[in-house]
Structures are given as C-alpha cells and as structure tokens.
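Data block below; observations after.
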There are 2 protein chains.
Amino acid sequence: MLKIGEFSQAAKVSIKTLRYYDQMGLLKPAWKDRFSGYRFYHLTQVEDLNQILALKEMGFSLDQIQTILQDEITLPQLKAMLRLKKTELQQEIKTSTSQLALIEDRLNQLDAGADLAQITLIQEPTILDQINKPKELEQMKVEIKTLPAFTTAGMKYVGKNENNQIAAMWQEIGPRWGEINNPAKPYERAFGICGEMEEDGSFTYLAGIQVDKVEDLPADLNSWEVPENTYAVFPCTLRDIHKTYQYAHSTWMPENGYKRADGPDFEYYGEHFDPADPESILYVYIPVKK
Amino acid sequence: MLKIGEFSQAAKVSIKTLRYYDQMGLLKPAWKDRFSGYRFYHLTQVEDLNQILALKEMGFSLDQIQTILQDEITLPQLKAMLRLKKTELQQEIKTSTSQLALIEDRLNQLDAGADLAQITLIQEPTILDQINKPKELEQMKVEIKTLPAFTTAGMKYVGKNENNQIAAMWQEIGPRWGEINNPAKPYERAFGICGEMEEDGSFTYLAGIQVDKVEDLPADLNSWEVPENTYAVFPCTLRDIHKTYQYAHSTWMPENGYKRADGPDFEYYGEHFDPADPESILYVYIPVKK
DNA sequence: TTTACCGCCTCCAGTAGGGGGAGAGTCAAG
DNA sequence: CTTGACTCTCCCCCTACTGGAGGCGGTAAA
C-alpha cells in the first residue's frame, strides 16, 4: 500500500513514468481510489516493474513489452522476438560503427588541413537535366549597382496581397502624389518597395515616390528609409515582373554566385512608365552580395 | 529553377522533408512565390542539401547541423563537435553491445529450459520497509465464496459520483422497494453493485435488491445480471468501506496471491443494516482468482 | 468554357517515451 | 483551522518527420 511517490522511490522510476505506464495499461496500480484518483501500489509490484525494466534494457518497446507480459506469449514466439531484436541491435551497431568511421575520417581530414566544405562533400555528384531558363529572360541585361540610402513616402500595405490589394493601392495613391511632392510626371521617381515575407506569409509594401524630407505627410501615408545597398538590377516588362523575381532568385543569383543581401527589394518605374501597357518597362532592384 | 517535386526527385529527399527543412530554416528554397506559395529550388542547392545529409549521416541532429552550417563555425569548434559526437557514438555502441549480450544470454537460458519469469528477473531484490497495514483491518476475517449468477433491480447511476450522488440515490430508492418486490425488511437482499471504472473515471453503479424476475419494472429503474463468480468477502463497517476496498486491492490481494477477476464487485447489506449507524456491518464482495 | 487531373499549398494530427508546469484537490501534522 | 507536502488531471513540448483533408495553380482534353 504505497502511494505513487513512495513506490517511485522504492522502484527508482519517475512518477511521470509510472503514470504513463498506468495510462498505457502496462503497469496498473493495485488500487486507484475512485474519488481522489490516488494510485496505490504494493511492494510485490516492484517485481512486475523490474520485469518491464529488464525487457526495456534489452531494447524492447513498451508495446512489445506489453505483448510479452500480458498476452502470456508462447516460448517460440518469445524466442522469435528475442532473435528479431538481436538482429535489430546488430544493425544498430553496424550503423553506429559506420557513423563513427565517418567521423574519425573527417577528424583525420581536418587534422590534415581540410575545411568544412570538403568535409561535408559527398562523392557522387548527381548529374541532372539542364535548367530550362525562360527564353524571353535569357538575354536580360543585368547590372550591379550600388545606391546610397534614400527616403520614399507613399501608401503602405501589410498583408498577403489577397484580392490584389496592392494594384488597388496604386490606383488610390496615383492622384495624390501632389500631397507628398510635386513631380513633373506621374511615375517619375516612383518606387514599389517590398519588405521580407513574415512566417505567416504577409509582407510590407510601400507604393511611393522618392522625397527629400518627410515633413507635412498626410496621416494616412507613410515613409520608408531604404538603406545603402548593392543591387542587381533587372529591367523587365510589367507583364513579366512576377517571372523576373522568380528568375532572379532561383536562377540568376545561384548561377552567378550572388546571395540575397539584407534590405528590401523594390521596383523603379520612371516617367515613361504606363500601368495600362503590359509592355511598359520597369526595373527590379534586388539587394545582393557575393 | 525546380519546383519542389523536381528538386525532391533530383536530391532523392521527400517533399515533406524539404518543406520541413524550409520551415526549420535549414534549407530555404531559392525563391518562394509570394502569391502561390510555391517553392522554387536551384540545382546548386543540391550541394547544400548534400552537406546536410552528410552531417546527418554522421549522426548530428538538425539543430546541430544548422549551427554548423549557418553560424560559420570555427574549425576548433567543429573539431570539438565531432569529438563529442564520436564519444556519443562510442557510448551508443557500448549500450547496444551490452543489450545484445543480454539478449543472447536470455536466448541461451531459454534453450537451457528457463521460462519467462526467470528471464526477466533482475538479480538485486530491493529491500523495503514493511507495509503499514491499517490496524483495525488487520484482524479482518476474509472468506472466499463462489456465488451462482443472480439478478438485481433498482436505480442505476453512471458517472464519477461527484457531490456524492450515490448516497442521494439510496435515499431516493429506499421508499420504493415495494415497486420492485415486497421484502420483509428494508435492507434485506439489498446490493450496491459497482462496475469497472472507465478511462474518464466514470463508473456504473446500481442500488438494488435481488429479484427473481424483472417483469413490470418501472421505466426509471434498471436491472443488472451478476454472473457466477468467486469472491473474496470482506466484512466491514459503513465507516471503513472506503478503506476496505483499498486494503483489499492494494494489500490483501497481492499478499495472498489473488488477482482481480472479471465481473463487478458489490456490497451486500442485509436486514440488520442501518445507514444512519457508521458501525453498521456490511460485506464487500470482490471477484478474485488465484 | 468546362472538366479533369496532377502538383502544390497550408494546417492538423500523430508517432515513442516521457518532461515540465498550471491549477486544483487530498492528506496528515501542528 | 491552516500549512505544507503530495497528488491529481490536463495541456504543451521534444525529434524528424509522415499522412491526410481541404483548397489553389496550371495545363490539357472535350
């Protein structure tokens, strides 16, 4: 008649484990009080628990132990299980041994002066189909440019661009450039700036123009200071803008040895841009580093 | 510019795994389409994946691999990690080897004619304090009786006996025995029958009397057919009924080599029983087998 | 244009063997 | 009566994924 804590001490098994075995049906307490829920064990159950632990030491899973102990398994079945387990253990030992050999090999290589890249290299390079680059993007002339920091102001959006809200925003902000500045032409110095995607898929986007100062900005507009950065610049048509981003990240950058650098990417439109013409040219700027 | 399925085939890693590595931040696709959510990989990333797999083969966890690859670990740190892993692997091999020895030992014992009990026995018996049996129960005279099947009828309850609903039920059923039968005395042939506890802690309880037939039973009453069984019978006072169940299961049964058998247990009251007197005697019947 | 189909997405649940902790109830001593 | 030690259930966390439901994306046939 031991409470779970006493039994736990006596058998040197954690209380959590005993409750788990109870729940699994592997070792039920001799008596469970219907009203307090307290578990009571008897000393003789230490033997049962030791049986379980003995089988666990041999590497059996709790389910297997339950089968062995409860279903009063036959002797040939037990032998078969032991032999199966034996095979599994031999396999495990083989795996661990080969891992160990790998490690020792790498350690020796390190002592001989190799570096991480060589260490983790796998010998068999997989030969794969060539990349199918979109034809219309093949001849794209990409430039690398470093821009100083600059400030933009306009309308900000945070979300996943459901229902194409960003296009709607450009419609809305179009007639209001005068509230920020007085540009000579509608799309002169106009930028669409896009921050990094969050875990939930949302991102920040600002439709705006370059400004010198952010004073007297209407309350529903925002500004964004873009830091100095080195960019890869991709000229493209309005129609291909989506493909251009994809091409830039998934083809051009890996093949030319560039990596994405910190900082937002953006599109620059220019005074000749016409949102109604899908052939209209704009420029995609993506921060990169070698 | 490979979609996840293509990359998965090229690198021989499951799509699920690639998505998992993306989520972990271990291997992000070169480009993730903001609108469709599609992942795009580049062939050069097969190398990155191979680095990951190489480290995995050495037995590192994904977190460790991330540390190694991302944080541009120093050479001495890398060596230390490799050596640590080496030690772990040596330990694993030792464990597996001793498990294997245990298994082979048991297999030999089995061939020599041992049985399960001997196989799972652990050599060091833990010496423990004696059991502290409640004194008033020490002298309890327990009888083993086999009863034929019989039928009872009365009021049924299913639940966890919150707010002591079972006592309330006895109050309610008391004046209504006449609707079932015509007993000479109030508690003559009266039984409280208790089924096994469910997983959620609820159980079935019937407060009733023994009957010969269950015809003409009022709609709000139930019957319960108790099968033939062998019982351990514990006489006890109303006050000690709770302790008696506990003692029976957690002390008497293990110490006398009995196990709980299938079937409900019950209390038998008898014509002299007085629910107002805590010293009133009743009999607890618990199905047992050797 | 509709339909079918395949590939891809996200989100949820589950795996073995428990560990950690919250919030509430139990028990014995002072 | 209160206090402190003990226990209860319930829920989330760990690894390294796998499986499935329900819902888009994109293409080809009808």
Side-chain angles (χ1 to χ4, degrees), chain A residues 1-10 12-27 29 31-41 49 52-53 55-57 59-67 88 134 160-164 197-202 242-243 246 250, chain B residues 1-9 12-27 29 31-41 49 52-53 55-57 59-67 88 132 134 160-164 197-202 242-243 246 250:
Chain A
M1 205 144 122
L2 304 164
K3 286 200 285 186
I4 195 168
E6 298 159 351
F7 189 68
S8 158
Q9 283 199 323
K12 297 188 176 65
V13 168
S14 81
I15 291 179
K16 281 285 191 182
T17 302
L18 290 173
R19 283 203 274 251
Y20 183 59
Y21 288 178
D22 177 14
Q23 186 197 324
M24 309 268 326
L26 188 53
L27 180 69
W31 172 244
K32 188 166 184 183
D33 190 294
R34 275 195 277 264
F35 308 122
S36 73
Y38 275 33
R39 292 165 178 84
F40 294 94
Y41 295 82
L49 188 52
I52 292 169
L53 297 180
L55 290 166
K56 211 154 81 78
E57 261 184 50
F60 288 104
S61 75
L62 297 188
D63 270 357
Q64 291 173 320
I65 294 173
Q66 196 158 15
T67 307
E88 281 178 29
K160 304 185 193 179
N161 192 28
E162 285 151 341
N163 307 322
N164 215 9
M197 204 163 35
E198 301 296 322
E199 287 206 2
D200 63 356
S202 71
H242 192 188
K243 279 183 186 165
Q246 181 173 335
S250 70
Chain B
M1 204 144 123
L2 305 164
K3 285 199 286 185
I4 196 169
E6 298 158 354
F7 189 69
S8 156
Q9 283 198 323
K12 297 189 177 64
V13 168
S14 81
I15 291 179
K16 284 282 190 183
T17 302
L18 290 173
R19 283 203 273 253
Y20 184 58
Y21 288 176
D22 177 15
Q23 186 197 323
M24 307 272 325
L26 187 54
L27 180 69
W31 173 245
K32 188 166 181 182
D33 190 292
R34 274 197 277 266
F35 308 122
S36 72
Y38 275 34
R39 291 166 179 84
F40 294 94
Y41 295 82
L49 189 52
I52 293 170
L53 297 181
L55 290 166
K56 213 155 76 81
E57 262 185 47
F60 288 105
S61 76
L62 296 188
D63 269 357
Q64 290 173 321
I65 294 173
Q66 196 159 15
T67 307
E88 281 179 27
N132 41 351
K160 304 184 192 180
N161 193 27
E162 284 150 341
N163 306 323
N164 214 8
M197 203 162 38
E198 301 295 322
E199 287 205 2
D200 63 356
S202 71
H242 192 188
K243 281 183 185 164
Q246 182 173 335
S250 70

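A, B, ... follow the sequence lines: proteins, then strands. Residue 1 opens every chain. Just so you know, these numbers use all the heavy atoms, side chains as well, and skip hydrogens, waters and symmetry mates.
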- Query: If each of R19(A) and S36(A) is mapped to the nucleotide of DNA chain C with the nearest heavy atom, which maps nearer the 5' terminus, i.e. the 5' end?
  - Reply: R19(A)
- Query: In terms of the nearest nucleotide of DNA chain C, which residue is placed more toward the 5' end: L62(A) or H242(B)?
  - Reply: L62(A)
- For Q9(B) and dC8(C), what is the distance between atoms CD and P respectively, to the nearest whole Å? 9 Å
- Query: Can you check the Q23(A) CD to dG17(C) C1' distance for me, whole Å?
  - Reply: 11 Å
- Query: Atom CH2 of W31(B) to atom C1' of dC8(C): distance rounded to whole Å?
  - Reply: 17 Å
- Message: I need the CZ-C1' distance between R34(A) and dC8(D), as an integer number of Å.
- Response: 17 Å
- Item | Nearest-Å distance for atom pair CG/P, residues D22(A) and dT9(D) | 8 Å
- When you get a sec, tell me which of dT18(D), dC8(D), dG18(C) is the closest nucleotide to the side chain of K56(A)? dG18(C)
- If you round to the nearest 0.5 Å, how far is CG of L55(B) from CG of L26(B)? 9.5 Å
- Message: Please determine whether any donor N or O and acceptor N or O are separated by less than 3.5 Å between the side chain of Y38(B) and the base of dG26(D).
- Response: no
- Message: Without decimals, in angstroms, what is the distance between K32(B) NZ and dC24(D) P?
- Response: 17 Å
- Item | Whole angstrom value for the distance that separates P of dT9(D) from OH of Y20(A) | 16 Å
- Describe, in one word, how the ring planes of Y41(B) and F7(B) are oriented to each other, choosing from parallel (under 30°), tilted (30 to 60°) and perpendicular (over 60°). parallel
- Message: With a cut-off of less than 4.0 Å, is there a side-chain N or O of Y21(B) near OP1 or OP2 of dC17(D)?
- Response: yes
- Item | Any donor-acceptor pair under 3.5 Å from Q9(B) side chain to E6(B) backbone | no
- Nearest listed nucleotide, side chain of K3(A), among dT18(D), dT7(D), dC9(C): dT7(D)
- Query: Hey, is the main chain of G25(A) close enough, under 3.5 Å, to the side chain of Q66(A) for a donor-acceptor pair?
  - Reply: yes
- Toward the 5' end of DNA chain D, by each residue's nearest nucleotide, F35(B) or D63(B): D63(B)
- Which one, dC17(D), dG19(C), dC8(C), comes nearest to the side chain of T17(B)? dC17(D)
- Task: Counting heavy atoms from C-beta on, name the nucleotide in dT9(D), dG18(C), dG25(D) closest to the side chain of R39(A).
- Result: dT9(D)
- Query: With no angle test and no hydrogens, is the base of dG20(C) tied to the side chain of K16(A) by a donor-acceptor pair under 3.5 Å?
  - Reply: yes
- Query: Nearest to the side chain of I4(A) - dT7(D), dG19(C), dC8(C)?
  - Reply: dT7(D)
- Message: Side chains of I4(A) and P29(A), heavy atoms from C-beta outward: is any pair under 4.5 Å?
- Response: no
- Note on the structure: When rounded to whole Å, the NZ to C1' distance for the pair K243(B) and dC27(C) reads 12 Å
